[in-house]
Amino acid sequence: MATSGKKQKHPKYIFVVGGVMSGVGKGVAASSIGTILQARGLTVTALKIDPYINIDAGTMNPTEHGEVFVLNDGDETDQDMGNYERFLNMSFTSDNYMTTGRVYKTVIEKERNLEYGGRNVEVIPDIPNEVIRRIENATEKANADVTIIEIGGTLGEYQNLIFLEAARILKYRCPGDVLVVLVSYLPVPGHIGEMKTKPTQYASSTLNNAGLQANIIIARGKVPLDQKRKEKIATFCNIHPDHVISAPDVSSIYDVPLNFEKDNLGDIICSSLNMGNLCKQSDLSAWKKFVTKSKKPTKTVSIAVVGKYFSSGEFVLSDVYLSILEALKFSGYDNGVKVSIDYLSAMAFEKDTKLVSSLKKYDGILIPGGFGKRGVEGKIRVIEYARKNKIPYFGICYGMQLMVIEYARHIAGLKQANTREIEPHAQHCVIDIMDDQKSLVAGSNYGGTMRLGQYDLLLHGKTVAHGIYADYFKKRDKVDKKIKDNIITKERHRHRYEVSSEYIETLQKSGLVFSGRSPDGRLMEIAELPVSQHPFFVGVQFHPEFLARPLDPHPLFSAFIKASLQRNKK
Ligand code: GLN
């Protein structure tokens, strides 16, 4: 946003808290508030607070936590950070993410360094003060007019009290600069058939108990909120009826900013925070263009995503691959198609060796990142099928490593090829642990120690990958000249293993092309087959899904969808 250089004397803070139950879309609400404020010319930044003790999301089981979203600086965060980046078209860092563990760790370290001058260090106010310091730091670094802070968890939980306390303290220190948005849920019990406001009233009074009053209530529900209930909520929750925003379920989360604006949320925030002089006329045209484009396609390409983290009890957890799903969607719209995704369990292909032939019906197959042994042989069988039957294949991280193993076993004649991660004594560890990872793993030093975050990627001329990135940069940067033979760009990573340097020559001789490497040439970042052999057989060691944005789809996903669309047409 073009507001840099503006002296920001009173940054504004919007705390987003959730009531009634989890999963009502706090993250999307916080992100959408960001989008509508950006559209008014404001510089926005956002923070996510996760109330758990973990220092980051990196060590958590994906079926427990959902996706681990990696930032440019390598911070392993919550998937909401992905929503912020996608809605705001910005990149964040560890300054924008905190957990209870992180906050306490800093306070305890300061105490050990005698930074509290020998006094008693107390939960209140020292913990909230550290929370506020982090919020102010992120605000300052972004030179933000407005900082949106999402407090994870639900009102009434013990573990987010300390963060509500931080909001309360900041509010009284900066009168007029802090807004509290309660995202609540209004159930419609089947046997009554009427939308009920009582749980929201309880949530609001729980917030009052923490010394805070909601300024705005976002009323999530299956259906829109009627005027009668707006007024009821207003009366019982002590706010103006116009400040109760109707937020019914929508088919796409990207409709939410536009829906909020139907109830004038942007104006309400700007006037409540006295930002009239800073706010321009809202311009959501780019966003609207994207939303319109997303509704147009009538044609569908079908993609099989083969992974292992899908089930939790009876439920399918597509959340684990959220960024991949979003990246596929954006690139679908870019190609004028809808992407329909089937999540298939890799283990099923192990149990039933004939099942792979059912993949014929798909236009493309994607294998995402992963860890460990479970499902690996099933995935390798799927990759072999995609290669032999010329079905577009896109392998991400583990999906690339397993693609290399498949090729090594079946084409390069290394029948025992494997990854050191699951078969440490395999005859041919074509995927091996990175040198600097060895001592970390030996010392069980797992938290935040993978090769994480953004690294340079060098693409070589006359390859599939080079062609894809060259086209993208030509379009995006409007470069007329021929793009150079070598392109350097950046991608985000999260891995401990890599293609072993011992086998690169053998693999290349048998036809596998390494079209992307680290600039020093040591790490293989992209493996592919030439188009003469396969319409799209590409694996990447990095995670392009973390950089895919609605207003800027990722070129690799777009190329994968384009190849899938071509198969669909045949
Ligand atoms: N398990 C592999 C590694 O650590 C791949 C990781 C991933 O897919 N994110 O290298």
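Ligands are counted one by one from 1 in listed order, and the atoms in each one are counted from 1 as well. Since the model is a prediction, treat every value here as computed from it, not as a measurement.
With hydrogens left out, the protein atom closest to atom 5 (C) of ligand 1 is G370 O, 3.3 Å, a heavy atom. Shortest contact from atom 9 (N) of ligand 1 to any protein heavy atom: R494 O, 2.9 Å. The closest protein non-hydrogen atom to atom 7 (C) of ligand 1 is C397 SG, 3.0 Å. For atom 4 (O) of ligand 1, the closest non-hydrogen atom of the protein is R496 N, 3.0 Å. Given atom 10 (O) of ligand 1, the protein heavy atom at minimum distance is Y497 N, 2.9 Å.
In this structure, the side chain of H493 engages the main chain of G453 through a donor-acceptor pair within 3.5 Å. For the pair N568 (side chain) and T300 (backbone), a donor-acceptor distance under 3.5 Å is present. With hydrogens and angles disregarded, no donor-acceptor distance shorter than 3.5 Å links the side chain of N137 to the backbone of R133.
Only the side chain of Q401 comes within 4.0 Å of ligand 1, judged by heavy-atom distances. Contacts with ligand 1 closer than 4.0 Å are made by side-chain heavy atoms of H543 only, the backbone lying farther away.
The N/O atoms of Q541, backbone and side chain alike, include none that comes under 3.5 Å of an N/O atom in ligand 1.
With distances taken over non-hydrogen atoms, the option nearest atom 2 (C) of ligand 1 out of H495, M400, E421 is E421.
A salt bridge links R409 to E377: at least one charged side-chain nitrogen sits closer than 4.0 Å to a carboxylate oxygen.
For N72 and K490, the side-chain atoms include no donor-acceptor pair closer than 3.5 Å.
Of the residues E406, R387, M403, E528, the one that meets the side-chain contact (heavy atoms from CB on, under 4.5 Å) test with Y393 is M403.
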